[in-house]
Amino acid sequence: MQVKKIAGFDRIFYFRKKTFLGLLILFGAYPFLVSNYYIDIGFFFGIYALLGLSLNIVLGEVGLFDLGHAGFYAIGAYTTAILNTKCGIPIFILLPVSALAAALFAYMVCSPIIHLRGDYLCIVTIGMGEIVRLALINNPLDLTGGPNGVFGIDFPSVGNIFVIDSSIEYYFLIWVAVALSIYGLSRLQQSRIGRAWNCIREDEVAAKANGIDVRYYKLLAFVLGAALAGVAGNIYASKLMCVSPESFTFWESCLMFCIVLIGGMGSIPGVLIGAAAISLFPEIFRPFAMYRMLVFGGAMILMMVFRPGGIWPRKRGISGK
Amino acid sequence: MQRNKNKVVLETHQLTKTFGGLTAVSQLNLRVHQGEISSLIGPNGAGKTTVFNVVTGIYRPDGGQVLFNDENISGKQPHRIVAKGIARTFQNIRLFPEMTCLENVMAGQHCRASAGLWSSIFRTPGQKKEEKRIQEVAEDRLEQVGLWKFKAELAKNIAYGSRRMLEIARALASDPQLLVLDEPSSGLNDRETEDLIDFLKGLLQENLTILIIEHDMKVVMGISDWVTVMDEGKKIAEGDPETIYNNPLVVEAYLGKDDDSEEEKI
């Protein structure tokens, strides 16, 4: 088979091992070259990348409109915050616990609504996200601290030997999490599960008629997406040392949605670009903060008109060849 | 009427499906024998596609049973029915447009594989072997329908006739016992139709049984071993193609009553 020619724009971004190595060096060297302020920007870039990856499973791979993803993020963050401050459980142990809590929540909430299609599902997930946020504000069982949230969350540590307490260490923590997620997700994309997800996105009825258990794979996507969002919540909570409901508003869900749409549905490099756009541009355009939303909105419209598939849509070819 | 003595693969017993007040299929008894090509024909709106949708689990029947190899499969989930060995195509081709032709066919093998989340993430030896097998089966099927050259092409980019064959390849990739085709020749030109007839006849060598819905009488007469005729949800006739062709009830259902006899009634 002759190799297909890759035209213009795509040629620049064609993913190759060398590019990957270059990115690795760039991301590794970055925090040593800049001030703490910029390292923190890099950290939040990582958080948004992880959140984007988690929503990309649900929205990008399976095509389920989930506008309540901040709810899962909140569950992860609050699980960490509450169990750490009340019971003193170390953050690292809470990492899988938060992921499980968010996954379990997703399983319970999504089971009854998973058969809904398109915009109906979208509206229910918006409601789900808002219910989580309002529940946190209402301070159930005196656990969540109401609008003030929970304070005094520890640094992640293993005993006293290995403590993550500086910007640079947090930066590496989040990017290791992102790298592991990318590793796992890119393998899933090339597997039977990834194909089943894509089939459901393309044509649900045909997917059913080809032996794909649509309900199971949709739920799996939600559970996995929520678990990753829970991991992001855990790292976020320990970085900020406090969590409050205002970090998990509908706006956060919208940002995650934009990350996936800007980058290209179901495309992992696309998610990274989308996360960069969402987290870095506001910093670059800080002097024009007043016009930020205007520019952002305009950019979204232009994108939808000229590149509706996203900046870096997933290219399909023969797997493994 | 002679019919082969092979065992019955698919049987519907008093099958009924209603939509609101409309009875789409009414107490239908249908039998498909092993190793033959059966056709289900009838005018538009006769309920043929509804029968297919009930048999493949897309709809739940309101009465009666669907028996596949003597096992009651009525009301089962579509993916379970595929796993049992019934694969189908759709009247208005339903592919996965943004996926490659090979990936489309690989989807057919889904129900014959079992790799889960962790084995897919860690690429266990078992998963790798399974992936390889899925790909090989899919490649064989793609070659069988003559679409090898399009294997890396997106399904939405290939021609209409090729899409039909791709859909059949995808159905075949699930290693079915019974292949259910909903109007496979619609939209094909004469030559493509002839190729399709030859192809379907060739499939019988693989120990497959085929049930098709067809409008094109040339196709029906050309390949069917057995024809069942439906009108307004009911079976009005069945038999070998020759008998059906000369059955006045069938002619009436397709062409309407003779004008003269109408006048005489008045």
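Note that the coordinates shown come from a computational prediction; the quantities given were computed from them, not determined experimentally. Per chain, numbering begins at 1; letters A, B, ... match sequence-line order.
Other residues, nucleotides and ligands contribute only 12 or fewer heavy atoms inside 6.0 Å of the CD atom of B:Gln77. Annotation: A:Tyr107, atom OH; neighbour count of heavy atoms from other residues, nucleotides and ligands within 6.0 Å does not exceed 12. By the neighbour-count criterion of 12 heavy atoms within 6.0 Å, atom CZ of B:Arg133 is densely surrounded, having more than that number from other residues, nucleotides or ligands. Other residues, nucleotides and ligands contribute only 12 or fewer heavy atoms inside 6.0 Å of the CG atom of B:Asp70. Heavy atoms from other residues, nucleotides or ligands lying under 6.0 Å from OH of B:Tyr160 number more than 12. Within 6.0 Å of CZ on B:Arg123 lie more than 12 heavy atoms contributed by other residues, nucleotides or ligands.
Top candidate by heavy-atom pairs under 4.5 Å with chain A, chosen from B:Ala171, B:Ser114, B:Ala83, B:Cys111, is B:Ser114. With chain A as partner, the option from B:Gly57, B:Ala155, B:Ala113 having the largest number of non-hydrogen pairs under 4.5 angstrom is B:Ala113. Here A:Cys199 is the residue among A:Ala206, A:Ala196, A:Gly194, A:Cys199 with the most heavy-atom pairs under 4.5 Å with chain B. The residue among B:Ser174, B:Ala115, B:Gly108 with the most heavy atom pairs within less than 4.5 Å of chain A is B:Ala115.
At a 4.5 Å heavy-atom cutoff, the contact between B:Gln127 and chain A is made by side-chain atoms alone. Interface residue B:Ser120: backbone and side-chain heavy atoms are both found under 4.5 Å from chain A. Proximity to chain A (any heavy atom under 4.5 Å) is shown, for B:Glu98, by both the backbone and the side chain. Neither the backbone nor the side chain of A:Leu185 comes within contact range of chain B; no heavy atom of the residue lies under 4.5 Å from a heavy atom of that chain.
Inter-residue side-chain proximity for A:Ile193 and B:Leu117 is flagged as met; some heavy-atom pair is nearer than 4.5 Å. Put simply, the side chain of B:Ile58 reaches to within 4.5 Å of the side chain of A:Val205, judged on heavy atoms. Contact of the B:Glu130 side chain with the A:Arg192 side chain is registered, since non-hydrogen atoms from C-beta on lie closer than 4.5 Å. In this structure the side chain of A:Arg195 never reaches within 4.5 angstrom of the side chain of B:His110, judged on heavy atoms.
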TODO: Begin with the C-alpha distance, continue with both residues' side-chain angles, and end with the deciding distance and a verdict on side-chain hydrogen bond (donor to acceptor under 3.5 Å, both in side chains) for A:Tyr217 and B:His79.
DONE: CA-CA 12 Å; A:Tyr217 282 100; B:His79 66 268; over 6 Å; no

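Checked for salt-bridge contact, B:Arg94 and A:Glu204 miss the test: no charged N lies under 4.0 Å from a carboxylate O.
Although no hydrogens or angles enter the test, the distance criterion places no donor-acceptor pair under 3.5 Å between the side chain of A:Glu202 and the main chain of B:Met99. No donor-acceptor pair under 3.5 Å is formed between the side chain of B:Arg88 and the backbone N or O of A:Ala209.
In this structure, the separation between CZ on B:Phe90 and CG on A:Asp203 is 7.0 Å, given to the nearest 0.5 Å.
Taking every heavy atom of both residues into account, B:Ile121 and A:Arg187 meet most closely at O-CD, 3.0 Å.
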